[in-house]
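Report on the following structure.
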Protein chains: 2
Amino acid sequence: MPDEAPSTAHAHRVTPKVSYHHGDLRAQLIAAVRELVETYGPDGFSVAEAARRAGVSSAAPYKHFKDRPEILRGVVSEAMDRLRAAMEAGAAAHPVGSLEAVAAVGQAYVDFARAEPGVFRLVFSLTEGHENAPDLLTKGARCFGVVVHAVAACLDLPPDNPDVQRRAYMLWSFVHGHSFLHIDMKTKVTTAEIDDWDYLLGISHAVLASAARS
Amino acid sequence: MPDEAPSTAHAHRVTPKVSYHHGDLRAQLIAAVRELVETYGPDGFSVAEAARRAGVSSAAPYKHFKDRPEILRGVVSEAMDRLRAAMEAGAAAHPVGSLEAVAAVGQAYVDFARAEPGVFRLVFSLTEGHENAPDLLTKGARCFGVVVHAVAACLDLPPDNPDVQRRAYMLWSFVHGHSFLHIDMKTKVTTAEIDDWDYLLGISHAVLASAARS
DNA sequence: TGACCGAAGTTAGCATCTCTCACATGATAT
DNA sequence: ATATCATGTGAGAGATGCTAACTTCGGTCA
């Protein structure tokens, strides 16, 4: 709901977003927090430090966010948007209904986790925020929807088909687990090296082929 | 190294473990923290509150733990012991080399995540601790070893076989993702209901059968 | 135009938390 | 019996989360 086009549409739109004292602090705070989370881990962040980096007093953030958790929720919300966009772009880079499109969705997921492990972990660490934030739930569901969509196209079935849902869930949990293990235990936990693309293609094939068979 | 049998073996062993002021505070603190993490989430815990629950001053914990993170590492270490024990028990409840034994390892994993979601999440949230704590790494590797062992027995191959390692990693990531998704999105994210045991058996079969074939 | 209003930011301040330092205590060893 | 060292206590410094009261500025409307 916020950060839309300026409602005062006619006035001097030089310096387009500089409307109040600071400019748009909200986005800058989220960016600062994202950086902090990425650097020091999901816990190693403080509202005070984020405010310091944005060049405002330590009380300023509370004009835009009710709570410390709400700031994190803002970061998560923004991250989920980017994640979904990346997954959709991955799917769009391959023919509709192809196995590659399915694997590319998973690849985008893994790439995101590897590029921003702190934020990725944060997205799935927010238990306390989920109940209070229905928009996060819907955004999560929309991310899952990307997987469902790709699987449905590949199997040539409607997205609400239970079998499609089940296979999509299997793929999602597979990719999710792979991503988490990957960023958790960078030190090799297996003696067998894993190449992401082969791995994901193989997984996708196994899950979807067994669906087509049975 | 600590908490062994009392070295003063001959003396009055009434009240067996009451040796110092408080008794064994270390274990009691870990238990208190575990409870707090389970109740308020991995972040909603404070050393002060744990000390309060243990009935000691807020400075006492620092005689047993260097840091706040070190307390969490203690909880994680203890949790990993329990997790490995549960996985081994699951495997031991079925014939050696059976598919059920493999699935039971995964079931134990999922059960643990469901029974203690906070602690489970904490185990895999500790990035900053892992570098400084080699014992956590080895404990994690031993947990993975349980999976490897079950898979190796099922495929009748040595545990260090790369294919065994790869299949074990696949199963592990699958179960890990399933567990995480399950505790994250209790609200159903799919229209297809998932029954754990059937699910895990199917997964195990798919992963191991394709290994046997190729 | 100019007085009002509310959004966005500031300083001051309380409660809490982490962690340290000096001190007290008591079990154990000599 | 006394020294010692691990274990606990209390006080306190520094940082943080968050609130309250005040200031400043942009936009609205008589």
Side-chain angles (χ1 to χ4, degrees), chain A residues 1-30 32-33 36-37 40 42-74 128-129, chain B residues 1-29 32-33 36-37 40-74 128-129:
Chain A
M1 39 296 269
D3 308 326
E4 294 302 312
S7 50
T8 70
H10 58 82
H12 41 63
R13 63 178 62 148
V14 290
T15 63
K17 290 219 165 183
V18 175
S19 50
Y20 283 109
H21 294 194
H22 174 100
D24 61 343
L25 183 66
R26 193 190 149 95
Q28 212 161 322
L29 278 174
I30 287 185
V33 170
L36 282 171
V37 165
Y40 302 121
D43 329 353
F45 124 85
S46 71
V47 180
E49 177 66 21
R52 224 169 283 133
R53 295 209 174 188
V56 293
S57 78
S58 65
Y62 295 95
K63 297 292 174 176
H64 294 272
F65 301 93
K66 167 178 157 290
D67 256 1
R68 186 181 190 275
E70 188 168 302
I71 303 187
L72 290 177
R73 257 176 271 146
E128 55 271 54
Chain B
M1 41 298 270
D3 307 327
E4 292 304 312
S7 50
T8 69
H10 58 81
H12 41 63
R13 64 178 61 147
V14 291
T15 64
K17 290 218 164 182
V18 176
S19 49
Y20 283 109
H21 294 190
H22 174 100
D24 60 341
L25 183 64
R26 192 190 151 94
Q28 211 160 322
L29 279 174
V33 170
L36 283 171
V37 165
Y40 303 121
D43 329 353
F45 123 85
S46 69
V47 179
E49 176 66 21
R52 223 169 283 134
R53 294 209 175 188
V56 294
S57 78
S58 65
Y62 296 94
K63 296 290 175 178
H64 293 270
F65 301 93
K66 165 178 158 290
D67 256 359
R68 186 179 190 274
E70 188 168 304
I71 302 187
L72 290 176
R73 257 175 273 147
E128 54 272 55

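Computed from a predicted structure; not experimentally measured. Naming convention: chains lettered A, B, ... in sequence-line order (proteins, then strands); numbering from 1 in each chain.
- At the phosphate of C:dG9, OP1 or OP2 sits under 4.0 Å from a side-chain N or O atom of A:H64.
- Scanning all heavy atoms of the two residues, the minimum distance from A:S46 to A:L36 falls at O-CD1, 4.3 Å.
- In terms of phosphate contacts, B:R52 brings a side-chain nitrogen or oxygen within less than 4.0 Å of OP1 or OP2 of C:dC17.
- Distance CG (B:D43) to C1' (D:dT16): 15 Å, rounded to an integer number of Å.
- Checking B:S58 against B:G55, the closest nucleotide of DNA chain D that is more toward the 5' end is the one next to B:G55.
- Across all strands, B:A48 comes closer than 4.0 Å only to sugar-phosphate atoms, never to a base (heavy-atom distances).
- Summarising the geometry, the separation between CD on B:E70 and P on C:dC19 is reported as 10 Å, rounded to the nearest angstrom.
- Comparing C:dT18, D:dA11, D:dG8 by their closest approach to the side chain of B:S46 singles out C:dT18.
- Look at CZ on B:R53: it is 12 Å from P on C:dC17, rounded to the nearest Å.
- For the pair B:K66 NZ and C:dT20 P, the computed distance is 8 Å after rounding to whole Å.
- Comparing D:dA20, D:dT9, C:dC19 against the side chain of B:A60 picks out D:dT9 as the nearest.
- Closest of all the heavy-atom pairs between B:R53 and B:A32 is CB-CB, 4.3 Å.
- Of the candidates C:dA22, C:dT18, D:dT19, the closest approach to any side-chain atom of A:A59 belongs to D:dT19.
- With the nearest nucleotide of DNA chain C identified for both A:V56 and B:V47, A:V56 has the one nearer the 5' end.
- Here the shortest heavy-atom pairing between B:A60 and B:L25 reads CB-CD2, 4.1 Å.
- Per the geometry, OH belonging to A:Y62 stands 4 Å off P belonging to D:dC18, to the nearest Å.
- As rounded to whole Å, 8 Å separates atom P of C:dT10 from atom CG of A:L25.
- With rounding to whole Å, B:F45 atom CZ is found 15 Å from C:dT16 atom C1'.
- Residues B:F65 and B:L29 have side chains in contact (heavy-atom distance under 4.5 Å, counting atoms from C-beta outward).
- Shortest non-hydrogen contact noted between B:E70 and B:H64 is OE2-O, 4.1 Å.
- Here A:R26 does not reach the OP1 or OP2 of C:dA7: none of its side-chain N or O atoms lies under 4.0 Å away.
- Proximity note for A:S57 (side chain, C-beta onward) versus D:dA11, D:dT16, C:dT10: the nearest is C:dT10.
- Per the geometry, CG belonging to A:D67 stands 7 Å off P belonging to D:dT19, to the nearest Å.
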